[in-house]
Amino acid sequence: MSQVLERPRPAQPQVTVPATLEQALDPQWLAGALCEIAAGRAIAQVEEVEVIRTVATKVRFAVTFEDGERLGFCLKGLLDVDAMTARGGPTCVLESDFYNKVAPVIAVRVPDCVATVIDREAQQAVTIMRDLIADGARFCSALDPFTADDALESLRQLSLLHARSDFLDGADWIRPRAAELAKMSYVTPEALQDLLDGPRGDNLSPRVRSAANLAAAIRGTRRARRRPAAVHDPWRRPCGQRLPYARGHGRDRLATAPARGAGRSTWPIT
């Protein structure tokens, strides 16, 4: 992989991965996790701004340092989960590794990741980014209109990712995404069907909304032997959704957020 950096690498502080929201928002833990930004300053206050719980927890919070500086962040990880859900930890590790190893060498727009905390033995991790919403961005849901201009800009961003698929050479830590999804035991067939039955699929046919058909298609892609390419797997709000984009963030119309790390696939599109 090229060592020409497009952006700085996030800090990787040697602190424990929090298992609960309470631990993640503890001022003492955050002082260690944000040690490069804190630069020795104590944290005077932590304000919880928004918490979104799906499989993982996404929490927006603000930190006020002892000198009065106030900064907004967004943390994602498996917090307050049961043992079954915790089995999704390797995906969190992959996500953090995306920001550590891939984001610095590609031109795709991504949120500013300030720190990743990884326990490779336990296969758990959390990722801490700047809070783009606090900076004026508005993340859209999968139910919001997606205009032709939005699609064009999203494809432009994806082309920047695909153009650097050479980073897959020697990057054995990036596993075939279809194979990973096929082994995803923490999302049961029933849970997958519940997701497909949600409002986002209202305009799809029953054949397309079938969890059984989707699982069969995923198993089929594992047998493909074409040249792999990088794929994009988006986060949920507030770090993105569908082909994630944020309107009104600085001069950029779209703020693309490749998350859950990168994956390799034989699919020509993501």
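Computed from a prediction, not measured in an experiment: that's the story for all the values here. The residues of the chain are indexed from 1 along the displayed sequence.
By the side-chain hydrogen bond (donor to acceptor under 3.5 Å, both in side chains) test, Asn203 is found to be paired with no residue, residues two or more places apart in sequence or in another chain being considered. Every residue two or more places apart in sequence or in another chain that forms a side-chain contact (heavy atoms from CB on, under 4.5 Å) with Asp67 is listed here: Arg41, Phe65, Glu69.
Taking CZ of Arg87 as the reference point, atom CD of Gln124 lies at 12.0 Å (rounded to 0.5 Å). Note that the NZ atom of Lys76 and the OG1 atom of Thr116 stand 14.0 Å from one another [nearest 0.5 Å]. The CD atom of Gln123 sits 9.5 Å away from the CD1 atom of Ile118 when rounded to the nearest 0.5 Å. Between the OH atom of Tyr99 and the CD1 atom of Ile128 there is a distance of 12.5 Å, given to the nearest 0.5 Å. Of the inter-residue distances, the one linking Asp135 atom CG with Asp112 atom CG reads 8.5 Å to the nearest 0.5 angstrom.
Asp194 places no side-chain N or O within donor-acceptor distance of the main-chain N or O of Ala191, the cut-off being under 3.5 Å. For the pair Gln157 (side chain) and Val108 (backbone), a donor-acceptor distance under 3.5 Å is absent. Of the possible donor and acceptor atoms, one in the side chain of Asn100 sits under 3.5 Å from a partner among the backbone N and O of Ser96. Between the Ser154 side chain and the Ala151 main chain, no donor and acceptor come within less than 3.5 Å of each other.
Applying the salt bridge (Lys or Arg N to Asp or Glu O under 4.0 Å) test to every pair with at least one member in residues 114-125, sequence neighbours left out, gives these pairs: Asp97-Arg120. Within the structure, no pair that satisfies the side-chain hydrogen bond (donor to acceptor under 3.5 Å, both in side chains) test touches residues 23-35, not counting sequence neighbours.
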Q) Can you check side chain to side chain contact (heavy atoms under 4.5 Å, CB included) on Asp131 and Phe61, steps first, answer last? A) CA-CA 8 Å; Asp131 183 357; Phe61 63 98; over 6 Å; no
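When the shell of 6.0 Å around CD of Glu22 is examined, it contains 12 or fewer heavy atoms from other residues, nucleotides or ligands.
When every heavy atom of Cys113 is checked against every heavy atom of Thr127, the shortest pair comes out as SG-CG2, 3.6 Å. Taking each heavy atom of Ala125 and Cys92 in turn, the nearest pair found is O-CB, 3.5 Å. The two residues Leu78 and Thr85 make their nearest non-hydrogen contact at CD1-O, 3.6 Å. Looking at every heavy atom in both residues, Leu71 comes nearest to Arg130 through CD1-NH1, 3.5 Å. Smallest separation of non-hydrogen atoms from Ala134 and Arg60: N-NH2, 4.1 Å. In terms of heavy atoms, Val117 sits closest to Val17 at O-CG2, 3.7 Å.
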Using distance only, find each side-chain donor-acceptor pair of residues 30-40 under 3.5 Å and give its atom names and separation, not counting sequence neighbours.
none

Side-chain donor-acceptor pairs of residues 204-214 under 3.5 Å, sequence neighbours excluded:
from   : atom 1 : to     : atom 2 : distance (Å)
Ser205 : OG     : Val208 : N      : 3.3
Arg209 : NE     : Leu196 : O      : 2.9
Arg209 : NE     : Gly201 : O      : 3.1
Arg209 : NH1    : Gly201 : O      : 2.8
Arg209 : NH2    : Leu196 : O      : 3.1
Arg209 : NH2    : Asp197 : O      : 3.1
Arg209 : NH2    : Gly198 : O      : 2.9
Ser210 : OG     : Ala212 : N      : 3.3
Ser210 : OG     : Asn213 : N      : 3.1
Asn213 : ND2    : Arg207 : O      : 2.9

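The hydrophobic cluster containing Leu75 does not contain Val49, counting ILVMFWY residues as joined when their side-chain heavy atoms lie under 4.5 angstrom apart, directly or transitively.
Remark: of the listed residues Leu79, Leu25, Thr57, Thr57 is the sole one forming a side-chain contact (heavy atoms from CB on, under 4.5 Å) with Val51.
The pair Glu47-Arg70 meets the salt-bridge criterion, since a charged nitrogen lies less than 4.0 angstrom from a carboxylate oxygen.
Between Val105 and Arg164, the closest side-chain pair of non-hydrogen atoms falls below 4.5 Å. Looking only at side-chain heavy atoms (C-beta outward), Phe98 and Ile106 come within less than 4.5 Å of each other.
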